[in-house]
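To start, the structure under review is shown below, and the notes come after it.
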Amino acid sequence: MAWLVNRLRCMSVPEMAYRVHQAATIRLGRRSIGRAAPPPLPRTLSLGVRGAPALAQAEVEALLLDAERIEAGHVVLFAERRFDVGVPTAWNRDPETGVVAPSVYRGDIAIGDRELVGDIKHLWELNRHLHLVTLAQAWALTGEPRWLHALEHNLRSWFEACPPLTGPNWTSSMELGIRLVNWSLIWQLVGGENSAMFEGDGGQRLRADWLDSIHAHCRTIARHLSRHSSANNHLIGELAGLYAGAVTWPCWKESKDWEAQARRELEQEAQAQFSRDGVNREQAFAYHMFSCECLFVAGLLGQVSGQRGTQSPGHSRNQSRSQPFSRGYWAVLQRALRFLRSVRDVDGGLPMVGDADDGCAFRLHAGTGRPGPDRAAQLLALGDTVFGGQPDHHPGVRWLLHALPGGRPDCDPHEVESGWSFPDGGYLLFGNHFGEADEIKGVLDCGPLGYLGIAAHGHADALALTLSVAGEPCLVDPGTYSYWQDQKWRDYFRGTSSHNTVRVDGLDQSVPGGRFMWLRKAQASIERMPASPQEFDFRGSHDGYARLADPVLHLRSVRFDGASNTLTVRDEVAAKKAHKVETFWHFAPGLDVRLTSHGLSVRGKRFVLQMQASGEDLHLELVRGAENPPLGWYSAAYESKMPCEVLRITTISSAVPIECRFTITFIDDK
């Protein structure tokens with residue numbers, strides 16, 4: 001009940017009306033269960049994809065090894081965890097908990113009830129069918145019937161276990177959208193209409209069942225789009241899936257309307273959900289990448305379908321071409337990749353700002369043998385090829401452009417590659433020698449909490465910063481861990497004490513109202529802009545603690561001197577009365593962190609960092625892996641956590657600042 005009250009507080013009157021209408025639509029949707037889809041017109045987008053792109057032998061071997069594991073029912077979910085999902089796959093069973101969700105009408109399933117559905121994130125991740133694309137890749141690579149048979153058996157079992165509108169895999173429009181994206185890639189990789197999978201009466205039955213499900217997917221998405229305060233990455237994923245479904249299978253009278261709506265709204269959402277300087281407004285770097293993936297797939301489908309018509313089985317192309325996406329749409333992606341390239345460190349590391357669930361729109365097996373995909377590297381390589389005409393050196397990019405072989409879009413060839421100042425998006429970079437072996441790179445967060453009314457994936461991290469040295473994480477954002485574990489873990493990882501910033505009176509800067517909701521949001525302001533990353537002199541504040549009975553203003557100054565490799569962070573709280581003030585510094589696991597009588601010493605592989613703190617009556621303590629309450633944890637991947645060292649500096653003050661001075665020295669590794 002408390003969650004419902006909080007959710008209503010975040011809604012406008014139009015949103016409440018929309019939610020009531022959606023609830024009525026879901027109730028009425030029960031009547032559609034078992035109703036056959038209208039007969040499809042015999043036309044699809046079949047691109048005549050043959051074979052596979054050029055791959056190194058090690059890439060081939062890694063891909064086929066993964067395909068063998070998938071064939072045997074062993075599937076990687078999220079970034080790196082492998083689960084036994086059974087043969088045939090138990091599509092309605094949560095691979096994590098073993099709970100089997102009921103096969104009832106979608107509107108009757110409470111997805112947050114762990115006793116009913118288990119961990120819905122694990123269930124949904126399996127049913128995105130990211131792994132089935134690997135089977136299609138194995139078929140394209142080898143032409144061996146075993147891979148086509150494995151794919152066919154998986155699809156047949158899914159259609160049987162998950163009929164339209166029935167079960168947990170029909171409860172989220174975004175999940176339907178992601179599934180359509182991957183089905184579209186599978187369709188092209190197995191040969192489209194001319195696939196051997198559709199031969200004979202059984203093959204035609206499979207094709208008919210697939211098209212019935214595709215129609216139900218598109219129809220459901222179009223009727224249940226995420227709107228108002230939920231119109232974040234979910235809406236982009238839904239629209240990308242709807243576009244993929246309508247363009248790949250324009251088989252029904254609604255298809256043209258679905259395509260036009262999805263293209264129009266994707267153009268709008270690309271502009272709305274990214275800042276003018278390329279930052280995704282959810283303030284979560286993982287969702288920045290997810291949204292880019294969705295926009296890229298839709299854009300590439302627009303390119304290829306704009307050059308080719310659709311095709312009837314055994315006939316020439318017979319459908320008018322689709323309209324490609326605009327120059328402005330592609331410019332959003334160019335700016336988004338510019339930001340992504342800028343915040344990565346020299347070793348490819350990316351700060352874990354905001355929520356992350358390791359979910360991706362597609363996972364075209366790159367054959368690297370690594371435990372998890374480097375999505376940022378793949379996106380940047382994709383941009384280099386699509387925008388810059390560079391060779392597609394990344395295997396994942398080669399696969400994607402092999403499946404969707406369209407021409408280059410209309411884009412600005414002069415877009416600069418990187419930058420350091422992103423004030424509209426809310427991030428500023430400081431440091432030295434960007435892109436070089438002795439790089440020092442810091443990222444300062446001076447932006448909003450998140451996007452729209454609930455700011456679902458933002459963290460209470462106003463004025464927090466991260467730091468990497470020589471490509472090695474030093475001061476870190478500890479990540480997300482889990483959405484559905486005990487509430488204390490969800491609250492901790494997105495709370496203020498798990499970020500390199502200041503907490504007052506033991507309270508978060510912003511007020512949470514649920515697992516994906518913030519009621520009161522701290523607003524950060526830039527009061528002094530720095531001139532450059534090497535001569536960085538910033539001053540800002542936020543009003544998150546103005547809500548207290550004795551209002552508190554947190555002011556933070558950040559200075560970096562490139563000549564001496566010195567970072568100075570000065571925190572002040574302005575209030576009438578004294579308050580408990582805590583400053584937190586989180587260090588990456590693996591660093592040697594020691595607290596001495598002279599301050600703090602941190603040693604990495606190629607650097608030593610010394611810190612001295614000054615102020616009044618400061619208490620310094622190192623905390624590692626505390627549980628009640630949580631402090632000193634780091635999550636490199638979804639559902640994974642490990643202890644890390646956190647320096648907590650505590651004082652009671654109303655005005656006296658805390659100043660922390662970090663000096664970085666490189667170790668001579670010769």
Side-chain angles (χ1 to χ4, degrees), residues 40 44-53 55 59-77 82-93 95 125-163 167 169 178-214 217 244 248-249 311 313-314 362-367 395 399-400 402-403:
T44 64
L45 180 67
S46 296
L47 302 176
V49 174
R50 297 181 184 276
L55 298 173
E59 295 167 351
V60 171
E61 293 173 358
L63 191 154
L64 294 180
L65 176 60
D66 196 33
E68 289 178 355
R69 290 169 173 165
I70 292 168
E71 183 185 33
H74 300 282
V75 175
V76 170
L77 302 182
R82 192 174 293 274
F83 294 86
D84 184 351
V85 300
V87 179
T89 302
W91 295 109
N92 292 319
R93 185 186 71 200
E125 184 74 9
L126 171 65
N127 285 271
R128 290 181 173 187
H129 289 183
L130 302 166
H131 63 291
L132 298 191
V133 181
T134 302
L135 296 177
Q137 289 176 275
W139 155 256
L141 182 65
T142 67
E144 294 180 10
R146 65 179 289 197
W147 305 123
L148 212 57
H149 292 158
L151 180 58
E152 176 187 346
H153 292 156
N154 273 278
L155 289 172
R156 287 186 188 280
S157 68
W158 196 89
F159 300 144
E160 181 179 346
C162 307
N169 296 309
I178 297 172
R179 196 154 50 240
L180 282 177
V181 165
N182 286 282
W183 282 0
S184 179
L185 293 172
I186 292 169
W187 179 269
Q188 302 304 339
L189 288 170
V190 300
E193 281 289 355
N194 299 318
S195 174
M197 199 160 57
F198 303 140
E199 293 176 354
D201 292 342
Q204 286 301 298
R205 181 69 259 167
L206 173 67
R207 179 184 179 278
D209 290 344
W210 201 354
L211 289 177
D212 284 349
S213 189
I214 289 164
H217 275 68
T248 308
W249 302 281
Q311 188 176 26
F362 57 88
R363 186 187 292 132
L364 281 158
H365 196 294
W399 275 109
L400 181 60
H402 180 72

(request) Give the intermediate values and the outcome of side chain to side chain contact (heavy atoms under 4.5 Å, CB included) for residues F362 and W399. (result) CA-CA 11 Å; F362 57 88; W399 275 109; over 6 Å; no
(request) Test F198 against Q204 for side chain to side chain contact (heavy atoms under 4.5 Å, CB included), laying out the working first. (result) CA-CA 5 Å; F198 303 140; Q204 286 301 298; 3.9 Å; yes
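Classified by interplanar angle (parallel below 30°, tilted 30° to 60°, perpendicular above 60°), the ring pair W158/H217 is tilted. Ring planes of F159 and W210: tilted class, angle from 30 to 60°.
Checked against the 6.0 Å centroid criterion, the rings of W187 and W249 qualify as a close aromatic pair.
Of the listed residues (L47, L364, L189), just one forms a side-chain contact (heavy atoms from CB on, under 4.5 Å) with H402, and that residue is L189. Just one residue in the list L135, T134, I70 forms a side-chain contact (heavy atoms from CB on, under 4.5 Å) with W147, and that residue is L135.
Annotation: side chain to side chain donor-acceptor pair (under 3.5 Å) contacts of W91 (sequence neighbours excluded): S157. Among residues two or more places apart in sequence or in another chain, the side chain to side chain donor-acceptor pair (under 3.5 Å) test is passed with N154 by T89. Not a single salt bridge (Lys or Arg N to Asp or Glu O under 4.0 Å) links R69 to another residue, sequence neighbours left out. Not counting sequence neighbours, the partners of D209 by the side chain to side chain donor-acceptor pair (under 3.5 Å) test are R205. When the salt bridge (Lys or Arg N to Asp or Glu O under 4.0 Å) test is applied to D212, no partner is found at least two apart in sequence or on another chain. Take R128 and apply the salt bridge (Lys or Arg N to Asp or Glu O under 4.0 Å) test, not counting sequence neighbours, and it matches E125, E175.
Surrounding CD of E68 are more than 12 heavy atoms belonging to other residues, nucleotides or ligands, all under 6.0 Å away.
When all heavy atoms of L148 and V190 are compared, the closest pair comes out as CD1-CG1, 3.9 Å.
At least one side-chain heavy atom of L185 sits less than 4.5 Å from a side-chain heavy atom of L400. The shortest distance between side-chain heavy atoms of V85 and H131 does not fall below 4.5 Å. Contact check for N194 versus S46: no side-chain heavy atoms found under the 4.5 Å cut-off.
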